[in-house]
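The block underneath contains the structure these notes are about, expressed in structure tokens.
Quick caveat: nothing in here was measured; it's all calculated off a predicted structure. Protein chains get the first letters and strands the later ones, always in sequence-line order, with residue 1 at the start of each.
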There are 2 protein chains.
Amino acid sequence: MANIQQVAKQAGVSVATVSRVLNGQNTVSSKTRIKVEEAIKNLNYEPSMLGRNLRNSESRILLILIPSISNPFYLEIIKGIEQVALSQNYNILLCETDSNPEKENIYFDLVRKKMADGIISMDPAVNIDTLKELAEKYSIIQCSEYNLDSGIPYVSIDNEEASYRAVKHLIQIGHKKIALMNSDEKFLYARQREMGYQRALEEHGIPLNEDYIIYTKHLGFEHGQQAMKKILAIQDRPTAIFAVSDLLAIGALKEINASGLHVPNDVAVVGFDKIDFSSMTNPTLTTIAQPMFKMGTVAGEMLIDKIRGEHVDNVILNHELVLREST
Amino acid sequence: MANIQQVAKQAGVSVATVSRVLNGQNTVSSKTRIKVEEAIKNLNYEPSMLGRNLRNSESRILLILIPSISNPFYLEIIKGIEQVALSQNYNILLCETDSNPEKENIYFDLVRKKMADGIISMDPAVNIDTLKELAEKYSIIQCSEYNLDSGIPYVSIDNEEASYRAVKHLIQIGHKKIALMNSDEKFLYARQREMGYQRALEEHGIPLNEDYIIYTKHLGFEHGQQAMKKILAIQDRPTAIFAVSDLLAIGALKEINASGLHVPNDVAVVGFDKIDFSSMTNPTLTTIAQPMFKMGTVAGEMLIDKIRGEHVDNVILNHELVLREST
DNA sequence: CCTCAAAATGAAATCGTTTACATCCATATG
DNA sequence: CATATGGATGTAAACGATTTCATTTTGAGG
């Protein structure tokens, strides 16, 4: 495994010159450049990132914090981040926290130990105090879920408005008894989406029914099923469900089917995210499309700018209501 | 951002001693250990992985090559790998190749440039010649999909037997007209699963009908739909489908539903992998369960052993037929 | 109190780059 | 021909840890 010294020796030049060739600096005469390139080829030389990274005090690795790799919502975002990262010679380290502070801390350590140059946090359950503290010394961006007070730059959508439009759609096709399948209120997006739900109801003179709001602990399929069971047991059963995640909605779909009811004739369902699976279900799912890929590219660009020491502004992206078979 | 020198100075010892404390060597007297630990705390010192990695000629990063992050089959494997990796102080770099040689090469470069200590390849479309060449100098393990000639250690299941049992199950519940929805024959697992299919038919005296075998280019949902369309158009329509991936099977399910036929009464469907989503469909999917998490942990252990210079043997894990509503 | 082995510590080399600064050389100019 | 100029190249010092080997300190045993 040759190193730069050996290349220099073989080419009859100094390591500085080899380094210059390696980094495409134009102060090298073409004569010596060729000599060096030949030596590189001869020796099968590959520059070591270890040496380079130490010298440059960078790892060229970006950390991505997600609660669960199983939630397809994040996958498309990750693809976006990856595209930007690769194009700028960064690599991404995917970190599944399981919303577990201990695991989270393992990953935070990576940036403390210079193993990573920055973090994109998408975990709603992230310890915001630690994150804030970290953000003073390191580059951090919040993606999708964010905390305003933290002062950490974020990219997201307008959750309140998106939710409002989803519920308004249900009202417009004739529903009055609309349930909200929400996640834990400790999350900002959950509160924002609930506000949109309330605004839509108010605006159309529909009184708020507390029984129609169900909170789930996680955004998984099973939690959607369980929540739906509760909703189906309500005396004055809702005729429409707005779930704050497609996975919840798909769980609801499954449970409604199992109970012998029909979607959308008996119960209409609207999801949120537009994950791939939402078009694979039977019936396909009406949902709010988040621009996930775009969100990823923006987050990636923001983080890299931040690492470079540039100033970055918060970004709010557009969403879209996608009408399909479930309404 | 303190370094080891400053800690040494503050503690009034040499860097060697600090390093010894850092690495928990027991040749340090408790008196000086305490001094050093206090200095570390005072200065908020965090050892830099960049320096350590260069000195140790390692990156403590494992590369995972997958064709597509969207295929949930890989997610569970990745979780297995991650568990082992973290427990041994490694981190994993997830690399989506899109079966694109160019992108693949970017990632291969990471190991050539010492940015990664080894590779777990799960991409059936990997360029096996490059992989073989790389395996001479670096630590590589094949997971799930493998190439025997390459001499690169692998962990997988007995695809032929699994496929045989799936088809046998269909035969036992009365089916004779069984279609095989296979992926491209250039993949070893595709050939192995086709052999299992043939053996099951032969053994029960069912003649092979070439029209009942459909090849798809990729393992995605849409490809399952398209393949199913072709199958439904066959004159003497099959009464059962064995798809070599759950995603294909779910696509088939969707298409069968759309055509007004009923699963399993009109057409039975068996999938392969037991991805999470296979229990969320309507009806739920009978499938071959691969021990994905286990496969991940084994692959992780094999790779780390290999990196340590130990000898590793190939591993074949058990599979299981999971009966659900679609048959 | 001396001796000596064992334990504790330190000095310095090393890993493989990049880069500031110094130096060399060729060429143009007077 | 001497000299200034600028381009091409080299020297050596970082970056931040680990580790070998040498040296010092410690403490037990006589």
Is [X] close enough to [N] that one of its side-chain N or O atoms is under 4.0 Å from OP1 or OP2 there?
| X | N | answer |
| --- | --- | --- |
| Asn3(A) | dC15(C) | no |
| Thr32(A) | dA8(D) | no |
| Arg52(B) | dT18(D) | yes |
| Thr17(B) | dG10(C) | yes |
| Ser29(B) | dA8(C) | no |

Name the nucleic acid region contacted by [X], choosing base, sugar-phosphate or nothing; use a 4.0 angstrom heavy-atom cut-off, strictly under.
| X | answer |
| --- | --- |
| Asn53(B) | nothing |
| Leu54(A) | base |
| Glu58(A) | nothing |
| Gln5(A) | base |
| Thr27(B) | base |

From [atom1] of [X] over to [atom2] of [N], roughly how many Å is that when rounded to an integer?
| X | N | atom1 | atom2 | answer |
| --- | --- | --- | --- | --- |
| Ile4(B) | dC15(D) | CD1 | C1' | 13 Å |
| Tyr45(A) | dG16(C) | OH | C1' | 7 Å |
| Gln6(A) | dC15(C) | CD | C1' | 13 Å |
| Met115(A) | dA17(D) | CE | C1' | 14 Å |
| Leu50(B) | dT18(D) | CG | P | 12 Å |
| Asn26(B) | dA7(C) | CG | P | 10 Å |
| Glu46(B) | dC15(D) | CD | P | 19 Å |
| Lys9(B) | dT9(C) | NZ | P | 21 Å |

Measure from the side-chain heavy atoms of [X] and tell me the nearest of [options].
| X | options | answer |
| --- | --- | --- |
| Ser19(A) | dT19(C), dT9(D), dT18(D) | dT19(C) |
| Val28(A) | dT9(C), dT9(D), dT19(D) | dT9(D) |
| Ser57(B) | dT18(D), dT9(C), dC15(C) | dC15(C) |
| Arg20(B) | dT18(D), dT19(C), dT20(D) | dT20(D) |
| Ala16(A) | dG16(C), dT9(C), dT19(C) | dT19(C) |

Open item on the list: Less than 4.5 Å apart, side chain to side chain, heavy atoms only: is that true for Tyr146(B) and Leu188(B)?
Closed with: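 When only atoms from C-beta onward are counted, Leu188(B) and Tyr146(B) do touch, with a gap below 4.5 Å.
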Open item on the list: Do Leu317(A) and Gln290(A) make a side-chain contact, defined as non-hydrogen atoms from C-beta onward lying under 4.5 Å apart?
Closed with: no
Open item on the list: Both Lys31(B) and Asn56(B) contact DNA chain C. Taking the nearest nucleotide for each, which residue is further toward the 5' end?
Closed with: Lys31(B)
Open item on the list: If you count every heavy atom of other residues, nucleotides or ligands that lies below 6.0 Å from Asp109(A) atom CG, does the total exceed 12?
Closed with: yes
TODO: Take Gly51(B) and Gln25(B), find for each the nucleotide of DNA chain D with the closest heavy atom, and name the residue whose nucleotide sits nearer the 5' end.
DONE: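 Of the two residues, Gly51(B) wins.
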Open item on the list: What's the separation between atom CE in Met1(B) and atom CD in Gln6(B), rounded to the nearest 0.5 Å?
Closed with: 10.5 Å
- [ ] Any chance you could lay out the side-chain contact (heavy atoms from CB on, under 4.5 Å) test for Asn127(B) and Leu131(B), step after step, and finish with the verdict?
- [x] CA-CA 6 Å; Asn127(B) 182 331; Leu131(B) 201 68; over 6 Å; no
Open item on the list: Exactly one of Met295(A), Lys294(A), Met302(A) should register a side chain to side chain contact (heavy atoms under 4.5 Å, CB included) with Val315(A). Which one does?
Closed with: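 One option only clears the test, and that one is Met302(A).
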TODO: Measure distances between side-chain N and O atoms of Arg55(A) and base N and O atoms of dT17(C), and say whether any donor-acceptor pair falls under 3.5 Å.
DONE: no
